[in-house]
Amino acid sequence: MQGTLVSLPKRGALLLFLHNISNKNIKRSILSENLIGYSDNQGNIVDTQSGGEGFVGEVIEYDNSDKALEIIRHSTAHLMAQAITQLYPNSQFFVGPVVEEGFYYDFRTSQKIGEEDLKKIENKMKELIKQKHPIEKYTITKEEALVKFAHDDLKLAVLSRIPDEEVSIYRQGEFEDLCRGPHVPALNFLHHFKLTRVAGAYLGGDEKAEMLTRIYGIAFATKEALKEYLFMIEEAKKRDHRKLGNELELFMFDEEAGAGLPFWMPKGARLRSKLEAILFKAHRKRGYEPVRGPEILKSDMWHTSGHFACYGENMYLTVIDEQEYGIKPMNCIGHIEIFKQSSKSYRDLPYKMFEYGVVHRHEKSGVLNGLLRVREFTQDDAHIFCTPQQIQEVVLEVVEFVDAVMKKFDFNYTMEISTKPEKAIGEDAVWELATEGLKNALTQNHLPYTIDEGGGAFYGPKIDVKITDALGRKWQCATIQVDFNLPERFDVEYVAQDNSRQRPVMIHRAILGSFERFIAILIEHYAGEFPFFIAPTQVIFVPIGEKNIDYANTLHTMLLDEDIDSEVLSKNESLNKRIRMAEKQRVPYVVVIGDEEEANGSVAVRDRRAKEQYNLTKEEFMVKLLQQLKEGRI
RNA sequence: GCCCAUAUGGCUCAGGGGUAGAGCACUUCCUUGGUAAGGAAGAGGUCGUGAGUUCAAGUCUCACUAUGGGCUCCA
C-alpha cells in the first residue's frame with residue numbers, strides 16, 4: 001500500500017492519504033487541520049482518502065454543515081461497527097448509511113442486544129477513538145471482493161446490489177468494511193455522538209426477509225450541537241401526547257377493550273367537541289352540507305367500490321342474517337349514495353357534503369401509536385361532486401380552507417402534488433385537466449408546491465399537505481384527491497345544460513385528517529397549553545373562602561351559557577395549594593375570587609401567558625373571554 | 001405481522017426466590033386561608049393473564065395480552 005503520512009501538530013491528527021497527493025492538496029490540508037473532505041463541482045462529497053492527485057474541489061471542514069455531518073456520521077457508523085465487532089466477535093454487518101436523522105447500522109449477532117448494551121458500545125467506541133487509527137481506503141475488483149467476503153452472506157448480499165466492477169474497502173486498525181465512503185481521515189475526528197435506539201429491521205426492508213438488529217445513532221461536530229439535539233429529544237418526550245394525554249386526563253386506552261381503540265375522557269371530549277364545533281361552522285360557511293352514512297354496509301358495496309380488492313386486508317367484517325357486512329374504513333360510499341338519492345342538475349354542482357366519519361381500519365399491531373395511529377378514528381371527511389372543469393376552482397377553495405385552519409393553529413405547511421402513476425384508470429385528457437387544475441389552484445394562490453411525479457392514486461392526482469409543528473417535526477394531515485373512479489363504478493350522473501347525462505368528478509378531502517391524529521399533534525405542538533378557543537377547561541375559579549363558592553358557581557354558569565368551560569376549585573385545601581393545582585392544569589385563566597371581588601362584582605385574573613395578575617369587572621372579563629372565543633373562528 | 005425492551009395501588013416509580021414499599025392523587029378530621037404544596041389519621045395492590053420450575057415465585061422459565069423503540073432512506 002502506498003501512502004503519504006502527514007502529521008499535524010495542533011490536533012496531533014494523523015492524516016493518511018492514499019495515492020500520491022498533489023502538493024497543492026497537502027498544502028491545503030495543512031492550512032486547515034479541520035479538512036475532512038471535498039465537494040466536487042457536482043456537489044458530490046469526496047473524502048480525503050479518495051481525493052487523489054490533482055483533485056480540485058471545495059474544501060469541507062470539520063463543522064456542523066450538512067456535508068461535514070454526512071462524513072462524520074458515516075464514520076461514526078463504522079466506528080460503532082468496529083466497537084460491536086470487538087464486543088460481539090461473531091457480528092456480521094449489512095449496511096450502515098447516513099439517514100435524515102443520524103445514522104444506523106444493520107447487523108447480525110449471536111447475542112441479543114438491548115437498550116442497556118448501547119452504553120457499553122458507546123464506551124468501546126470512545127476507547128477506540130483514543131487509538132487514533134487513520135481511516136484508510138483501498139479498492140479491489142468485485143471478483144476479489146466476492147472471494148474476500150465469501151464467508152459473509154450479508155456482505156455478499158450487499159455486493160450483489162453493486163453494479164460496479166471495482167469496490168472500495170475502508171480500514172481502521174483491525175476493522176475493515178466494504179464501503180463507498182465518504183469518511184473522515186482518522187478516528188480522532190469523532191467526538192460527539194450518541195447511540196439513540198436499538199431496533200429490528202428487515203434485511204433490505206423486505207417483510208419476508210430475515211430480521212437484523214439495527215442501532216441508530218447521531219453525531220455532530222460540536223458538543224453544543226449534540227447537546228441541543230439531545231435537548232430537543234427531551235423536549236419532545238415531555239410533550240409526548242401519550243404522557244400529556246394521561247396527565248391532563250384527555251384520553252385513555254384499555255387493554256381489555258382492545259388495542260388501538262381510544263376512549264375520550266371528559267376533558268379530552270371537551271377539547272374535541274370544541275374543535276368539532278369550530279370546524280362544523282367553518283364547513284357550513286363554505287357551503288358544505290352535513291351528512292351521515294351508516295357504520296356498516298353490505299360487502300357487495302365494498303366490492304363495487306374496489307375497497308374489498310384494494311383495502312380488504314384492513315377491513316373488519318361481520319355477518320348479520322347470513323349476509324356479510326363490512327365496517328366502513330372510509331366514508332365515500334355513504335356520500336355517493338346520498339348524492340344519488342335524488343337526480344342532480346349541473347346547477348347543483350359543485351355539491352359539497354361533509355361528515356365527521358367514524359372509520360375502523362385494521363392497522364398492524366406493531367404500528368399502533370397513541371392517538372397517532374389507532375384502529376378507530378374520526379375523519380373530517382368531505383366529498384365534492386363537480387365537473388372536470390370545476391376542479392380548479394373547487395381545489396382552490398379547499399386549499400384556502402386548509403390554509404385558514406393551519407394558520408389558526410400556528411402551523412407552517414408545504415404541499416406536494418402527486419401526478420399520474422403508471423397504473424392508472426381514466427382518460428389522459430381528464431388526468432391532464434385534473435392535474436393542471438391542482439397546479440393552477442396552487443399557483444394562483446401563490447402557494448409553493450413540489451411535485452411527486454407518478455405518485456398519485458390510481459384513480460386520480462392529489463395534493464398532500466405536510467405541516468410543521470413547534471418542534472420542527474413534519475406531519476402529513478390534509479389531503480385533496482381527485483377521483484374519476486368511484487363515480488364510474490357507482491354510475492353517478494348529473495343532468496347537463498343540454499339535458500344529457502354526464503359523469504361528475506369526485507373530490508375527496510380531509511383537512512385535519514383525523515381528529516385523533518390532529519389532536520395528538522396539537523397536544524405536542526402546544527405542549528398541552530391549548531389556545532383558549534379549544535382548551536378543555538378555559539377558566540378555573542379559585543374561591544378564597546367557603547362563603548365565596550356561590551359567587552364562583554354563578555360565574556361558572558354564566559360562562560357555560562356562552563359555551564365556555566370552567567371549573568370551581570373549592571375543595572378543602574389551602575389557597576396556595578389550590579392555586580398551584582389550578583396553574584398546573586395549564587388552563588388559560590385562573591381566577592381568584594374573595595370577599596373583595598364579590599363586593600365589587602369583579603374577578604382577579606391570573607393569565608397563563610402574561611404570567612401576571614390583574615383585576616377586571618365580571619362584565620369586562622366576559623367581553624375578554626368572548627373576544628378570545630371569536631378568535632377561534634375559521 | 002416481525003425484532004428488541006417493558007408490565008408492581010388511580011398516577012410516577014423503588015424492590016430481583018422467604019410477611020408488598022414510597023411520593024402524588026383519594027377518604028375523614030383539624031385548619032377558612034389573599035396568589036404555586038398547612039397539619040393529622042385512613043383506605044387502596046392475589047405485583048398484566050395463564051402455565052411451569054421450586055419446600056417457597058412480583059422476583060426464575062415459557063406462552064399469551066398490552067405498551068414502547070423500530071422495520072423506505074440501498075457498501
Side-chain angles (χ1 to χ4, degrees), chain A residues 74 77-78 81 93-106 108-109 111-118 142 145 149 154-164 167-170 176-183 196-216 237 240 242-243 246-247 249 252-261 313 362-370 542-549 570-585 590-597 604-606 611-613:
Chain A
H74 200 166
H78 268 224
F93 293 85
F94 185 53
V95 295
V98 171
V99 290
E100 246 174 66
E101 206 177 306
F103 62 86
Y104 67 77
Y105 219 123
D106 284 351
R108 184 200 285 145
T109 46
Q111 289 115 307
K112 286 180 178 177
I113 294 191
E115 298 278 343
E116 67 281 3
D117 297 311
L118 295 184
K142 198 166 176 184
F149 294 108
L154 290 185
K155 282 300 162 199
L156 293 179
V158 174
L159 277 168
S160 73
R161 300 164 172 222
I162 302 174
D164 310 354
V167 296
S168 54
I169 311 281
Y170 280 79
E176 279 195 335
D177 198 11
L178 176 69
C179 180
R180 69 174 168 190
H183 283 287
T196 48
R197 42 188 166 244
V198 53
Y202 294 110
L203 197 158
D206 177 2
E207 246 179 74
K208 290 179 196 88
E210 172 192 1
M211 180 148 287
L212 302 173
T213 303
R214 171 175 296 182
I215 295 181
Y216 281 93
K237 263 189 208 160
D240 190 311
R242 292 164 298 197
K243 180 175 177 289
N246 193 21
E247 263 174 42
E249 300 176 300
M252 54 174 264
F253 291 90
D254 179 38
E255 178 179 340
E256 287 177 21
L261 303 173
E313 284 181 2
H362 184 75
E363 301 284 356
K364 288 181 188 171
S365 62
V367 303
L368 299 176
N369 180 270
V542 181
I544 287 179
E546 234 169 90
K547 56 183 179 299
N548 307 119
I549 294 177
S570 60
K571 59 198 294 185
N572 183 17
E573 293 289 352
S574 68
L575 180 65
N576 281 353
K577 176 76 172 283
R578 284 180 291 140
I579 286 171
R580 178 181 152 81
M581 286 165 74
E583 287 285 333
K584 277 187 72 177
Q585 311 234 349
V590 173
V591 172
V592 180
I593 44 185
D595 291 344
E596 201 181 302
E597 284 75 19
V605 182
R606 289 173 67 105
K611 306 271 182 214
E612 59 184 29
Q613 296 144 37

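The structure presented is a predicted model; accordingly, all values stated were derived computationally and were not measured. The sequence lines fix the lettering, A, B, ..., with proteins before strands; numbering per chain opens at 1.
Only the C1' atoms considered, B:G58 is 16 Å distant from B:G50, to the nearest whole Å. Rounded to the nearest Å, the gap between the P atom of B:U6 and that of B:G42 is 37 Å.
Among residues two or more places apart in sequence or in another chain, the salt bridge (Lys or Arg N to Asp or Glu O under 4.0 Å) test is passed with A:Asp595 by A:Lys547. With sequence neighbours left out, A:Asp254 forms a salt bridge (Lys or Arg N to Asp or Glu O under 4.0 Å) with no residue at all. Residues forming a salt bridge (Lys or Arg N to Asp or Glu O under 4.0 Å) with A:Glu573 (at least two apart in sequence, or on another chain): A:Lys577. When the ring pair (Phe, Tyr, Trp, His ring centres under 6.0 Å) test is applied to A:Tyr104, the partners found at least two apart in sequence or on another chain are A:Tyr216. With sequence neighbours excluded, the residues that form a salt bridge (Lys or Arg N to Asp or Glu O under 4.0 Å) with A:Glu249 are A:Lys267.
Against the 90° criterion about 0, the sugar-base torsion of B:G9 places it in the anti range.
Nearest nucleotide to the A:Arg242 side chain, out of B:C74, B:C71, B:G68: B:G68.
Under the Watson-Crick or G-U wobble criterion, with both distances below 3.5 Å, B:A37 has no partner in any strand shown. The partner of B:G23 is B:C11, by the rule that a Watson-Crick or G-U pair needs both atom distances under 3.5 Å. B:U59 makes up no base pair with any nucleotide shown, lacking Watson-Crick or G-U wobble contacts both under 3.5 Å. Both distances falling under 3.5 Å, in either a Watson-Crick or a G-U wobble arrangement, place B:U67 opposite B:A5. Under the Watson-Crick and G-U wobble criteria, each requiring two contacts below 3.5 Å, nucleotide B:U72 is left unpaired. The pairing partner recorded for B:G16 is none, the criterion being a Watson-Crick or G-U wobble arrangement whose two distances lie under 3.5 angstrom.
Following rounding to the nearest Å, A:Asp254 (CG) and B:A66 (P) show an atom-to-atom distance of 11 Å. For the pair A:Leu203 CG and B:U72 C1', the computed distance is 14 Å after rounding to whole Å. Between A:Ile113 atom CD1 and B:A5 atom C1' there is a gap of 13 Å when expressed in whole angstrom units. Protein atom CD of A:Glu363 is 15 Å distant from nucleotide atom P of B:A66, rounded to whole Å. We find that CD of A:Glu249 is positioned 12 Å from P of B:U12, with the value rounded to whole Å. For A:Phe103 and B:G70, the CZ to C1' distance is 16 Å, given to the nearest whole Å.
Both A:Glu207 and A:Lys155 lie near RNA chain B, and the one whose nearest nucleotide falls closer to the 5' end is A:Glu207.
Considering only side-chain N and O atoms, A:Asn369 lies nowhere under 4.0 angstrom from the phosphate OP1 or OP2 of B:U67. At B:C71, one or more side-chain N or O atoms of A:Tyr216 fall inside 4.0 Å of OP1 or OP2 (strictly under the cut-off).
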| remark: Letter by letter from the 5' end, nucleotides 32-41 of chain B scores (B base, S sugar-phosphate only, - none; protein heavy atoms under 4.0 Å) BBBBBBB---
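Taking the six-membered ring where the residue is Trp, A:Tyr105 and A:Phe93 present perpendicular rings, their angle passing 60° and hence far from 30°.
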| message | Is there a salt bridge (charged side-chain N to carboxylate O under 4.0 Å, His left out) between A:Asp177 and A:Lys155? Walk through the geometry before answering. | response | CA-CA 9 Å; A:Asp177 198 11; A:Lys155 282 300 162 199; 2.8 Å; yes
